[in-house]
Structures are given as structure tokens and as C-alpha cells.
Amino acid sequence: MYRAKSSGRNQLRFYAPEYEREAKEQLELEIALQRALRGDALHVVYQPKVDATGVLRGVEALVRWDNDGQGSIAPDRFIAIAEESGLIAEMDAWVMGEACRQLAEWRAEGLEIPNMSVNVCAADFKHPDYPGFVTDTLKSHGLLATDLTLEMTERVLFDESVDDIRKTLDAIQALGIALSIDDFGTGYSSLSYLHRFAVKELKIDKSFVQGIGRDQMAESLAQTLIHIGEILKLTVTAEGVETQAQRDFLGTYGCHLYQGFLFSRPLAPSDLACWMRQQSCPSPGDADAKRPEVAL
Ligand code: C2E
Ligand code: CA
Ligand code: CA
């Protein structure tokens, strides 16, 4: 039944023995994830976002799961399981708490990290007191609304409970927390929501960034997405930047912020401190590069 449903409506699928194995595996993972969430098997890594001069403008919190039996499981896989099993809101709430705690700890150590981005999904926003939860979390770590950015995909706005989600988004906006559209350009291109929800940042999906130098269509799309951001006065961030050629191409068209393996992989908290120390001694050529104005 689940196979038929996941392939779209009005589908027919016949029973096959491997489905039973897959269903069992899925259930085992669900149970293990539940245990991980209540134990200490989840952790958060942080990927720097840098501006055109290489200065750190924020970090993105990305959740990781080390499953005893199976080693580390790709986030895309366990996040899908968390979504299907209804664990995602609890998991995201844990990530939010951990990310805020970590930001406060870094600052207490004197590390200047201007902003924390946290990934959110539709299930988070359906909770009527989500804005209250975020406010309390920020407050309990001595942080301000402007210290936080929520990254969501366009998909969130096309959820069936869109009315509840809109109320939450309005409340988030009223608090002064920045909203970012993740994987921009891969979803539905109804752009009116950018204005309606006072979005601050657009993140160009890595599929476009990684097509640079190889695929003219991806290049044209990356260029167009930067242009949209520029017209709407939004901060444009490119994700998945792996090569200097990609970085240079994006820079030519005025991209503001960059994130990707070229600068740094997602890092454990102590590694981020080392990374920052290395960055604080830039090469002479970097020192006098012009620093662009960015909103975040
Ligand atoms: P995303 O938000 O689009 O995050 C970017 C993904 O690209 C991350 O994958 C990151 O590790 C990866 N990445 C960064 N730079 C590069 C690069 O230069 N090259 C390549 N090939 N990849 C790069 P990750 O950590 O596996 O996360 C996958 C997705 O899982 C995220 O995509 C996000 O949608 C979701 N996710 C991660 N953490 C959370 C969370 O706490 N809550 C929720 N709801 N979703 C999360
Ligand atoms: Ca993201
Ligand atoms: Ca992405």
C-alpha cells in the first residue's frame, strides 16, 4: 500500500517478498531513530557561510545520526524516516535547542559567529506554539531573534495545512527571525510568497551550482536566481560550492554568500573554532578585497 501511495494516486502494486524486508528495515530504523532522539546518538555539525571576502557570516546547523548497528546514516534518509514516522518535529526541536546552546557557548568563548541557520519543515510550523518555543529557546541561551535564520524549502508553503503554517510564519516574522528559502529554484516557481513572507535569503540549490562549467542551462539558472535576489534585495547564498571556478562564476553575477566544500565541510563544534583561527590570518590578497553589503 505504501509503495502504491508513494508512486502517486491510483497506482497498483503487487506484493513482493522484498517489500516485506524493506518494511521491516524501515520499522527497525524508525525504532532506532526514536531511541537515538531520546538518547545521545544524534549530534549537530556546522557549515560556515562566508561572504565574498571569505569572512564568516553565519553557520548552518546540520543534524547527524551515528547508528550503532549501521554506522552513520545519510541525513536525507533518516530525515525522510523522521518525517514519515512523525518524529521530525521532535528532532528539529532538539536541533534548535542544541544549535542555540552551541552558538551561546561559542560566543562565551569569544568566537564571533554572527548568525545560526537551522533547517525547518512543515511539521515544525504546524505546532501552534512553535514561535513561543523558538522565543523561549533563544531567551534561555541569551540570544536575540536576529541571531537566528530559519531555512525552509518552498514545499512548506504548499503543505495541506497552509493556513496554520502561514499564521506561524507571520508570527516568526513579527519576532524578527529571518526566513531563508532553501533549495531555491527546485520547487514551485510561484514567487509571490517571497514578498508575502518577508523572506531575507535565497539559497541557490547545489544542483545548479554544481552544473557551473558543465551545463549551460544550470549556469543560466544560477545567474537568473541571483538576479531575482538582487531585484528583490534579498541575500543570495550559493550552496554546494566545490570549485574556485564555481565561486568565480557566482561572484561575477553578484552572489553574496557562499557555502560548500571549497570553504569548509560541515564541522564539529571544536573543528569550527580551529577553522576560524585559520581564517583569521587571510593571505595578503584577501585583506583588501571589497566587502559587499549583505542583509544577514
Ligand atoms: P540542505 O539544507 O540543502 O543542506 C545542504 C546539504 O549539502 C547538506 O547535506 C550539506 O552537508 C551538503 N553540502 C554542503 N556543501 C557541499 C558541497 O560542497 N558539496 C556537496 N556535494 N554537498 C555539500 P546533509 O547534511 O546531508 O543534509 C541533507 C539535507 O537534510 C539538508 O539539505 C536538509 O534539507 C536536511 N537537514 C539537515 N539537517 C536537518 C535538520 O536538522 N532538520 C531538518 N528538517 N532537515 C535537515
Ligand atoms: Ca539548508
Ligand atoms: Ca540543497
Side-chain angles (χ1 to χ4, degrees), residues 33 36-37 41-50 58-66 72-102 115-127 130 134 137 148-156 159 165 178-187 199-214 218 221-222 225 235-247 250 257-268 271-272 275 296:
L33 183 57
L37 192 52
L42 294 185
H43 65 277
V44 184
V45 289
Y46 301 89
Q47 188 174 36
K49 286 180 176 179
V50 301
V59 294
E60 177 179 1
L62 294 158
V63 65
R64 294 288 181 267
W65 176 23
D66 296 318
S72 102
I73 300 181
D76 281 332
R77 177 141 188 246
F78 74 79
I79 283 159
I81 293 173
E83 276 175 336
E84 283 160 27
S85 60
L87 285 171
I88 191 78
E90 192 182 338
M91 192 185 86
D92 281 354
W94 179 82
V95 173
M96 173 71 73
E98 182 55 20
C100 289
R101 188 202 60 72
Q102 187 60 62
N115 193 268
M116 174 65 71
S117 292
V118 175
N119 290 286
V120 290
C121 64
D124 303 327
F125 290 162
K126 281 183 207 167
H127 203 287
Y130 188 73
V134 178
T137 309
L148 184 66
T149 299
L150 299 184
E151 294 193 5
M152 64 176 207
T153 62
E154 292 155 286
R155 216 155 37 102
V156 170
D159 188 90
I165 288 173
L179 271 184
S180 166
I181 302 297
D182 216 346
D183 301 350
F184 185 59
T186 61
V199 167
K200 293 253 172 57
E201 178 188 51
L202 300 181
K203 292 190 83 174
I204 303 178
D205 189 58
K206 60 176 178 281
S207 58
F208 302 120
V209 172
Q210 293 178 355
I212 293 170
R214 286 189 276 133
L221 284 168
L225 297 175
T235 298
V236 180
T237 301
E239 66 169 34
V241 182
E242 291 184 355
T243 68
Q244 191 61 42
Q246 290 164 356
R247 156 71 186 80
L250 293 158
L257 301 184
Y258 304 84
Q259 196 180 344
F261 298 168
L262 178 66
F263 308 97
S264 170
R265 289 185 174 263
L267 299 169
D271 294 338
L272 188 90
W275 181 88
L296 285 180

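Everything numeric in this text was worked out from a predicted model, so none of it was measured. Numbering of ligands and ligand atoms starts at 1, following listing order.
Interface of Gly260 with ligand 1, defined as ligand atoms under 4.0 Å from a residue heavy atom, comprises 15 (N), 18 (O). Close approach to Gln210 involves these atoms of ligand 1, each under 4.0 Å from a residue heavy atom: 19 (N), 20 (C), 21 (N). In summary, the atoms of ligand 1 found under 4.0 Å from a heavy atom of Pro75, numbered by their order in the structure, are 24 (P), 25 (O), 26 (O), 27 (O). Taking a cut-off of under 4.0 Å to the non-hydrogen atoms of Val95, the atoms of ligand 1 that pass are 41 (O). Close approach of ligand 1 to Glu60 is summarised as follows: ligand atoms under 4.0 Å from at least one heavy atom of the residue are 2 (O), 4 (O). Taking every non-hydrogen atom of Gln47 and a distance limit under 4.0 Å, the qualifying atoms of ligand 1 come out as 14 (C), 15 (N).
Looking only at atom types and distance, the side chain of Thr237 has no donor-acceptor partner in the side chain of Lys49 under 3.5 Å away. No hydrogens or angles considered: nothing links the side chains of Asp183 and Thr153 as a donor-acceptor pair under 3.5 Å.
Using 4.0 Å as the threshold, Arg265 has no heavy atom nearer than that to any atom of ligand 1. Judged by the shortest distance from any of its heavy atoms, Gln259 lies outside the 4.0 Å radius around the atoms of ligand 1. Residue Arg64 places a heavy atom under 4.0 Å from ligand 1.
A donor-acceptor contact shorter than 3.5 Å links the side chain of Gln246 to the backbone of Thr243. Of the possible donor and acceptor atoms, one in the side chain of Asp124 sits under 3.5 Å from a partner among the backbone N and O of Cys121. With hydrogens and angles disregarded, no donor-acceptor distance shorter than 3.5 Å links the side chain of Trp65 to the backbone of Leu37. The main-chain N or O of Trp94 is never found under 3.5 Å from a side-chain atom of Glu98 such that the two would form a donor-acceptor pair.
Exactly one residue among Val45, Ile79, Asn119 makes a side-chain contact (heavy atoms from CB on, under 4.5 Å) with Val63. That residue is Ile79. Considering Glu60, Gln259, Glu239 as possible partners of Gln47, the one that fulfils the side-chain hydrogen bond (donor to acceptor under 3.5 Å, both in side chains) test is Gln259.
Among heteroatoms of the N, O or S kind in Asp183, OD1 lies nearest the Ca ion (ligand 3). Looking at Asp182, its N, O or S atom nearest to the Ca ion (ligand 2) turns out to be OD2. The name of the N, O or S atom in Asp205 nearest to the Ca ion (ligand 3) is OD1.
Using a 4.5 Å cut-off on side-chain heavy atoms (C-beta onward), Tyr130 and Asp92 make no contact.
Protein heavy atom in closest approach to atom 34 (O) of ligand 1: Asn119 OD1, 4.5 Å. What sits closest to atom 42 (N) of ligand 1 on the protein, heavy atoms only, is Asp92 OD1, 2.7 Å. Distance from atom 28 (C) of ligand 1 to its nearest protein heavy atom, with residue and atom name: Asp76 OD1, 3.4 Å. Counting only heavy atoms of the protein, atom 36 (N) of ligand 1 lies nearest to Ile79 CD1, 3.2 Å. Protein heavy atom in closest approach to atom 20 (C) of ligand 1: Glu242 OE2, 3.2 Å.
Between Phe263 and Tyr258, the ring planes are tilted. Angles from 30° to 60° get that label.
Annotation: angle subtended at the Ca ion (ligand 2) by Glu151 OE1 and Glu60 OE2 is 90°, to 10°.
Polar contact with ligand 1: absent for Leu62 (N/O pair, distance under 3.5 Å). Inclusion of Phe261 in the set of residues having an N or O under 3.5 Å from an N or O of ligand 1 is warranted. For the pair Glu239 and ligand 1, the shortest N or O to N or O distance falls below 3.5 Å.
Remark: atom 32 (O) of ligand 1 lies closer than 4.0 Å to no protein heavy atom. Using a 4.0 Å threshold on non-hydrogen atoms, atom 3 (O) of ligand 1 counts as touching the protein.
Residue side and main chain included, Ser117 places no N/O/S atom under 3.0 Å of the Ca ion (ligand 2). The Ca ion (ligand 3) lies under 3.0 Å from an N, O or S atom belonging to Glu239.
Counting only non-hydrogen atoms, the option in Met152, Arg77, Lys206 that gets closest to atom 12 (C) of ligand 1 is Lys206.
Residues Val118 and Ala99 share a closest heavy-atom pair of CG2-CB, 4.0 Å.
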